[in-house]
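Notes to accompany the following structure.
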Amino acid sequence: MKKILNDKPLASWFLGPKAEHADTWTGILDYIFQDYIHWRRNYFSEDNIIVDRTKRRDHEIWFDKLNTEIDKLLNQLKNHYPFHSPRYIAHMLSEQSLPSVAGYFAGMLYNPNNVTEEAAPITVKLELEAGKMISEMLGYIPENSWSHITSGGTIANLEAMWVSRISQFIPLAIQEFCVLNKYKFQIKTPNGKRADISSLDKISLLKLRPNEAIFMPRKLAQFLIKDLKIDKSIVEEINKHLKNSKYNVKKKSYAKLISELGIEHKIFVSESAHYCFEKICGVLGIGEDSLELIPVDSRFRINIDSLKGKLKNLKENEIPLGVVGIVGTTEEGAIDPIHKIQEFRKELELSKKNQSFWFHIDAAWGGYFRSIIKTKSLSLNYSSKAYSEIFESYQNETQIEEDFKFYDKTMKADWRNPDLFYSLLAMKESDSITIDPHKLGYIPYPAGVICFKNGLVTELLTQKAQYISDDKGGMKDIDKPLEIKAIGPYILEGSKPGAAAAATYLAHKTIPLNNKGHGKIIRTTLLNSQKFYLYLSQHKKYFKEIEKEVSGDNNYEGLSFSFEPLFQPDSNLVCFIALPYVWSDNNVFTRSKTSLKKLNALNKFIHKELSISSEDKEKRIYSQQYFISKTELEYEQYKYNSIKELLYDNLKITRSNYKKYGLFILRSTIMNPWHYTAYAKNQDYLMGFLKHLHTTAKKGIAKIYSAQQ
Ligand SMILES: *Cc1c(COP(=O)(O)O)cnc(C)c1O
């Protein structure tokens with residue numbers, strides 16, 4: 001068998017399903033601990049030994065107790081789900097890479113608190129460095145951007161919307177300052193035309209391009225100092241004004257402000273949005289009802305025409321706090337057409353509306369997909385080239401079709417279509433991006449990341465706390481390029497693990513965020529997802545062969561079954577259902593009529609068999625062959641019309657039934673890095689999974705569709 005995809009480095013990055021790399025890991029972790037011990041001993045080595053050997057003997061009883069409890073803990077943990085295993089094809093969980101564990105372990109021993117450099121002299125720098133690597137992968141210019149680690153995607157998304165709101169009001173505070181002092185300060189409106197800031201109404205100032213708002217304090221200071229020759233001390237006055245202005249929503253009441261302005265904030269995101277956006281609306285005080293859920297299409301990508309319609313028809317006083325594109329929806333792995341959202345933003349800016357908005361990307365799941373397009377030809381200075389040209393050179397360079405031949409000659413990777421590629425490319429045009437290293441970064445919790453394209457947002461954010469920072473806040477030297485040395489003053493969270501920073505840093509340093517490094521892991525997961533999709537699609541065709549193999553039976557009688565993937569995956573989540581089928585007299589396999597209630601019952605049965613819930617007291621993981629997860633398409637979330645093609649055209653589910661029952665679906669996250677290597681060793685876990693699904697579905701059909709029920 002010809003192996004095209006070189007798995008050599010990939011297979012060394014993780015512990016292995018059978019802990020194959022255990023010796024190496026033990027060696028490295030022990031080395032880190034030994035080194036740490038010596039670090040302690042060498043610090044004032046002449047100091048007395050306080051816990052001497054005699055004293056240590058007194059501790060034995062307590063250590064015995066401790067060890068007993070450790071044993072109990074370890075025994076309990078053995079019932080934990082085997083995320084590392086190629087048999088775990090369920091939630092967004094998998095292996096952790098060796099460098100991330102080693103980095104975390106080292107960091108954990110020293111236990112730095114990355115809220116301030118004083119409590120984390122080393123790991124704050126590592127966090128900033130890791131942030132730069134990630135922002136570069138995402139297409140931002142690392143020197144101009146600002147990224148840091150959060151507890152996860154939820155807080156990262158919250159922070160993006162928080163920062164969007166703070167910067168959105170900056171122009172109003174600047175206008176106030178200019179009116180007060182009679183400065184004729186010119187700013188750029190979204191359509192590119194210049195205007196005196198005092199001549200603009202307040203609502204249009206809320207609709208400027210985010211960058212215009214963020215740069216505004218600097219631009220004003222430069223104008224006053226350079227053009228009007230005003231003394232440099234004016235910088236301090238601007239800072240003071242911005243701080244005390246009623247438009248400073250960090251300090252002054254937001255509720256009062258919006259009622260005075262008569263405005264309403266809204267966040268736009270597709271129906272597939274992660275539920276954290278509801279929390280975010282609550283926390284920001286704009287209310288869950290202000291979340292505008294845009295319909296999806298039958299592949300769960302945002303319906304761009306609906307989004308356009310919504311934004312074009314907004315009332316004058318309805319202000320977008322953010323328009324959010326999702327790269328890798330949590331339930332379906334769908335990738336929104338980011339390039340089209342960006343094109344539309346430009347269109348809106350140049351239209352009569354003369355309006356822009358904060359463009360945020362929730363790539364908590366899919367941010368790392370971008371590592372597969374970080375190739376040699378795709379360096380940072382590709383901004384002048386057309387997307388189609390970049391796509392072509394990418395294809396020439398990577399020759400990915402060869403990889404597919406290895407798996408299956410007939411397989412065609414849909415994510416290689418230009419639309420998905422352009423979506424990934426266009427991510428760099430956004431204002432902020434959420435990405436979760438603790439998901440597809442294969443890094444231990446907690447590690448989310450928020451990246452801001454324009455790092456000057458930090459000057460608008462400073463939360464002053466004397467004990468963590470000397471930063472007084474506001475604009476600093478207006479001529480100096482951006483230089484961010486701290487984290488604590490600019491973030492929502494307080495104490496945070498330096499260990500997570502060390503883990504993220506070491507992982508990305510040693511498994512680079514490009515197509516030769518991390519991209520290899522991502523690519524295998526994408527390939528495997530297409531492969532599993534294919535297996536499911538072809539189940540009908542191979543039904544008899546599979547049946548014979550799993551049960552030895554060649555004459556299947558009665559009601560039969562097969563599987564239907566709900567859409568071809570954009571990325572590495574495969575959603576599907578099992579359905580009843582029948583053999584007709586002329587031996588043709590066709591779908592059998594079913595009620596939605598029974599269909600859901602069948603899939604719930606399969607889910608129950610392929611998972612262990614807290615109620616399953618008698619189930620043990622050592623007897624659990626495979627794991628799957630589920631989700632439900634519900635009327636309140638996905639409108640019937642959004643996914644009518646799927647619900648009605650394909651499955652003949654009526655609106656009223658959908659409303660009543662929803663559709664229960666099976667969901668497999670295919671992110672295990674070992675599927676490929678195992679396949680090369682003739683162990684096809686995905687086929688094994690299909691066969692197990694087959695056996696389980698057969699049981700389910702017998703149970704649920706038997707005559708009595
Ligand atoms: C996981 C996820 C989140 C939330 O991230 P946490 O790290 O769980 O807080 C947000 N958005 C998307 C698309 C996600 O997949």
Side-chain angles (χ1 to χ4, degrees), residues 83 90-94 96 100 130-131 134 138 147-162 267-284 288 291 293-294 296 299-302 322-338 341 359-370 420 423-424 427 430 432-451 491-493 496-497 500-501 503-504 522 525-526 529 569-575 629-631 637-638 667-671:
F83 300 153
H91 288 285
M92 296 169 153
L93 292 158
S94 187
Q96 299 139 264
S100 72
I134 289 172
L138 296 172
S147 311
H148 71 89
I149 295 176
T150 63
S151 69
T154 301
I155 297 297
N157 284 329
L158 171 62
E159 202 169 298
M161 294 299 98
W162 177 63
I267 294 177
F268 297 83
V269 62
S270 90
E271 290 169 334
S272 294
H274 189 269
Y275 65 91
C276 68
F277 280 98
E278 280 159 11
K279 296 190 208 168
I280 290 167
C281 288
V283 173
L284 289 178
E288 284 176 20
L291 194 60
L293 294 180
I294 308 296
V296 291
R299 298 188 65 168
F300 296 90
R301 303 172 182 162
I302 195 167
V323 173
V324 183
I326 310 172
V327 173
T329 61
T330 316
E331 285 169 295
E332 307 90 3
I335 299 178
D336 282 345
I338 300 301
I341 301 177
F359 183 16
H360 174 66
I361 296 178
D362 182 2
W365 177 247
Y368 283 96
F369 297 153
R370 229 173 172 281
L420 293 182
S423 284
L424 296 183
M427 284 172 76
S430 61
S432 52
I433 304 176
T434 289
I435 173 173
D436 266 354
H438 65 211
K439 283 182 179 162
L440 282 172
Y442 298 83
I443 283 162
Y445 300 104
V449 161
I450 177 69
C451 300
I491 65 174
L492 286 172
E493 290 160 271
K496 60 208 286 290
T504 312
I522 300 296
T525 72
L526 294 170
S529 308
D570 278 352
S571 63
N572 42 18
L573 267 83
V574 181
C575 292
S629 70
K630 52 119 188 177
T631 189
Q637 187 184 359
Y638 299 104
R667 166 179 171 269
S668 282
T669 310
I670 303 193
M671 67 183 292

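All ligand and atom numbering here is 1-based and tracks the order in the structure.
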(request) Report yes if His274 has an N/O atom closer than 3.5 Å to an N/O atom of ligand 1; otherwise report no. (result) no
(message) Between ligand 1 and Thr329, is the shortest N or O to N or O distance under 3.5 Å?
(response) no
(request) Identify, by atom number and element, the atoms of ligand 1 in contact range of Asp436, meaning under 4.0 Å from any of its heavy atoms. (result) 1 (C), 5 (O), 6 (P), 7 (O)
(request) Using a strict 4.0 Å cut-off to heavy atoms of Ala364, name the atoms of ligand 1 that fall inside it. (result) 2 (C), 3 (C), 10 (C), 11 (N), 12 (C), 14 (C)
(message) With heavy-atom distances below 4.0 Å as the criterion, list the atoms of ligand 1 near Thr154.
(response) 4 (C), 5 (O), 6 (P), 9 (O)
(message) Is there a polar contact between ligand 1 and Ser151, counting only N or O atoms under 3.5 Å apart?
(response) no
(request) State, yes or no, whether a side-chain contact exists between Ile267 and Val324 at a heavy-atom distance under 4.5 Å. (result) yes
(request) Find out whether Ser668 and Leu573 are in side-chain contact, i.e. whether some heavy atom of one side chain is under 4.5 Å from a heavy atom of the other. (result) no
(message) Would the distance check show the side chain of His91 and the main-chain N or O of Leu93 forming a donor-acceptor pair, the cut-off being under 3.5 Å?
(response) no
(message) Looking at every non-hydrogen atom in both residues, tell me the closest pair between Phe369 and Ser571 and how far apart they are.
(response) CZ-CB, 3.2 Å
(request) Just need the protein heavy atom nearest to atom 2 (C) of ligand 1, so name the residue and atom and give the distance. (result) Lys439 NZ, 2.3 Å
(request) Name the closest protein heavy atom to atom 6 (P) of ligand 1, giving the residue it belongs to and the distance to 0.1 Å. (result) Gly153 N, 3.2 Å
(message) Under 4.0 Å from a heavy atom of Trp365: which atoms of ligand 1 are those, numbered in the order shown and with their elements?
(response) 15 (O)
(message) Within the structure, is a non-hydrogen atom of Gly448 found at a distance of less than 4.0 Å from ligand 1?
(response) no
(request) Report yes if the side chains of Tyr442 and Pro437 come closer than 4.5 Å at any heavy-atom pair, otherwise no. (result) no
(request) Select one of side chain, backbone, both or neither to describe which atoms of Thr434 lie under 4.0 Å from any atom of ligand 1, heavy atoms only. (result) neither
(request) Starting from atom 11 (N) of ligand 1, locate the nearest protein heavy atom and write down its residue, its atom name and how far away it is, to 0.1 Å. (result) Asp362 OD2, 2.6 Å
(request) Please identify which atoms of ligand 1 are closer than 4.0 Å to at least one heavy atom of Gly328. (result) 13 (C)
(request) Please confirm whether Met92 comes within less than 3.5 Å of ligand 1 when only nitrogen or oxygen atoms on both sides are compared. (result) no
(message) Side chains of Leu440 and Ile522, heavy atoms from C-beta outward: is any pair under 4.5 Å?
(response) yes
(request) Taking side-chain contact (heavy atoms from CB on, under 4.5 Å) as the test, write out the residues that go with Glu331, two or more places apart. (result) Thr631, Gln637, Tyr638
(request) Taking the side chain as every heavy atom from C-beta outward, state whether Val327 and Ser423 have any pair of such atoms under 4.5 Å apart. (result) no
(message) What I'd like to find out is whether the side chain of His438 reaches to under 4.5 Å of the side chain of Pro444, using heavy atoms alone.
(response) no
